[in-house]
2 protein chains.
Amino acid sequence: MSPKGADALARDPASVFAALGDRTRLRLVARMAADEPQSISRLTAGTGVTRQAVTRHLQVLAAAGLVRGRRRGREVVWAIEPDRLVEARRALDEISAQWDRALARLRAHVEAE
Amino acid sequence: MSPKGADALARDPASVFAALGDRTRLRLVARMAADEPQSISRLTAGTGVTRQAVTRHLQVLAAAGLVRGRRRGREVVWAIEPDRLVEARRALDEISAQWDRALARLRAHVEAE
DNA sequence: TTAACATGCAATCTGGAGGTTGCACGTATG
DNA sequence: CATACGTGCAACCTCCAGATTGCATGTTAA
């Protein structure tokens with residue numbers, strides 16, 4: 001298909017990385033991945049920021065497709081949605097693979113002279 | 001010894017993701033991974049932004065330890081530094097693994113009742 | 001019903017990210 | 001040498017991410 005290596009990443013994983021590119025958000029993701037689904041209030045504890053700030057972070061993560069919140073009575077329970085996490089990992093793999101191929105090409109080129 | 005971004009991921013994994021969390025930067029990384037090391041001018045072509053903007057992006061990537069530029073005559077040649085990429089991938093793997101474990105725990109808990 | 005709890009919504013503030021233009025400086029090349 | 005090329009540096013602008021406070025709404029428990 002697309003022989004253009006650089007365009008193999010045409011889909012946009014940047015938004016996922018951007019979502020993970022914040023200390024607080026990354027910690028939130030880690031906590032949601034480690035424990036059971038939790039309410040906003042519980043997730044707020046220990047972050048050092050306001051509940052409203054945590055709410056915004058959760059919305060950013062949700063917009064990136066990384067987490068999902070479900071209403072449960074008077075609270076909203078948030079949990080990981082690992083699909084796009086896999087996508088992000090695949091993007092990194094792709095870049096690494098391209099780099100390996102480029103290295104091999106360079107090596108072959110040098111040895112040919 | 002090691003450059004500034006050496007343990008950027010160990011201390012602040014978010015900074016690496018933040019560096020990748022920009023369309024232009026991610027495309028730059030992809031191009032550097034796909035082709036030979038390139039000068040700023042060449043990397044600027046096709047980005048739709050100024051050379052100075054590209055320079056800033058490259059500096060952000062370098063601060064995160066993802067790329068490295070070496071002076072070569074009157075130009076500076078930039079290339080991937082794949083170590084941080086591997087570490088970033090490992091971070092995603094860790095989160096996924098934690099999520100799997102949490103899922104298994106939940107399942108076991110449900111089945112126990 | 002009433003009170004405490006969990007969340008949502010809105011207005012506001014501030015710092016920095018991303019971009020540009022303009023100019024200066026070293027380096028190759030005619 | 002003279003000139004074009006590649007880059008660095010600095011000032012400046014705009015916009016939005018991150019955070020806060022205050023109040024409103026819905027839900028559970030006493």
Side-chain angles (χ1 to χ4, degrees), chain A residues 12-32 35-79 81 84 88, chain B residues 3-5 8 12-32 35-79 84:
Chain A
D12 181 36
S15 61
V16 182
F17 290 127
L20 294 173
D22 177 276
R23 282 172 167 262
T24 306
R25 280 200 291 271
L26 196 53
R27 289 186 58 191
L28 285 174
V29 169
R31 286 179 62 177
M32 282 185 268
D35 290 342
E36 310 176 9
Q38 299 171 49
S39 71
I40 298 180
S41 299
R42 271 185 66 187
L43 283 171
T44 299
T47 57
V49 294
T50 320
R51 168 183 61 83
Q52 285 85 343
V54 172
T55 297
R56 284 184 148 267
H57 283 304
L58 289 174
Q59 286 169 348
V60 171
L61 290 171
L66 288 168
V67 302
R68 180 179 178 185
R70 299 176 186 175
R71 188 113 221 169
R72 195 153 190 165
R74 70 177 164 184
E75 55 186 23
V76 178
V77 171
W78 290 81
E81 200 89 16
R84 300 216 65 192
Chain B
K4 203 174 181 186
D12 187 16
S15 66
V16 182
F17 291 122
L20 295 173
D22 176 275
R23 281 176 165 265
T24 305
R25 279 199 294 271
L26 196 53
R27 288 188 60 192
L28 285 174
V29 169
R31 286 179 61 177
M32 282 184 269
D35 290 341
E36 309 176 9
Q38 299 172 51
S39 71
I40 299 181
S41 298
R42 269 185 67 187
L43 284 171
T44 300
T47 58
V49 295
T50 321
R51 168 182 61 83
Q52 286 84 344
V54 172
T55 298
R56 287 183 142 252
H57 282 305
L58 289 174
Q59 286 169 349
V60 171
L61 290 171
L66 288 169
V67 301
R68 181 179 177 184
R70 299 177 187 176
R71 187 113 221 170
R72 195 155 189 166
R74 70 178 163 184
E75 59 187 10
V76 177
V77 171
W78 289 81
R84 303 297 163 275

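Each chain gets a letter, A, B and so on, in the order its sequence line appears, and its residues count up from 1.
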Query raised in the report: How far apart are the closest heavy atoms of A:P37 and A:A79, and which atoms are they?
Result: CG-CB, 3.9 Å

Report summary line: Judged by nearest nucleotide, the residue sitting upstream toward the 5' end of DNA chain D, B:W78 or A:G73, is B:W78

Query raised in the report: For B:L43 and D:dT7, what is the distance between atoms CG and C1' respectively, to the nearest whole Å?
Result: 13 Å

Requested in this report: Provide, to the nearest angstrom, the distance between the CZ atom belonging to A:R23 and the P atom belonging to D:dG18.
Outcome: 14 Å

Query raised in the report: Given C:dT7, C:dG8, D:dG8, which nucleotide is nearest the side-chain atoms of A:E75?
Result: C:dT7

Query raised in the report: Side-chain contact, heavy-atom cut-off 4.5 Å: B:L58 with B:M32?
Result: yes

Query raised in the report: Shortest non-hydrogen contact from A:S15 to A:R84?
Result: OG-NH1, 4.1 Å

Query raised in the report: Taking CZ from A:R74 and C1' from D:dT28, how many angstroms apart are they, rounded to a whole number?
Result: 4 Å

**Report entry** A:R31 CZ: over 12 foreign heavy atoms closer than 6.0 Å
**Finding:** yes

Query - Interatomic distance, A:T55 atom OG1 to A:W78 atom CH2 [nearest 0.5 angstrom] - result: 8.0 Å

Report task. Report the distance from atom CD of A:Q52 to atom OG1 of A:T44, rounding to the nearest 0.5 Å. Result -> 8.5 Å

Query raised in the report: What's the CG-C1' distance between A:L58 and C:dT7, to the nearest Å?
Result: 12 Å

Report summary line: Rounded to whole Å, the CZ-C1' distance (B:R72 to D:dT7) equals 17 Å

Report task. List the atom of A:A19, the atom of A:R25, and the distance in Å for their closest heavy-atom pair. Result -> O-NE, 2.7 Å

Query - Base versus backbone protein contacts along nucleotides 14-20 of chain C [heavy-atom cut-off under 4.0 Å; B, S, -] - result: ----BSB

Query raised in the report: For the side chain of A:S39, counting heavy atoms from C-beta on, which of D:dT7, C:dT7, C:dG26 is nearest?
Result: C:dT7

Report summary line: Closest to the side chain of B:I40, out of C:dG8, D:dT7, C:dA4, is D:dT7

Report task. Verify the contact: side-chain N or O of B:S41 to OP1 or OP2 of D:dT7, cut-off strictly under 4.0 Å; return yes or no. Result -> yes

**Report entry** Distance, rounded to the nearest Å, where B:Q59 contributes CD and D:dT7 contributes P
**Finding:** 13 Å

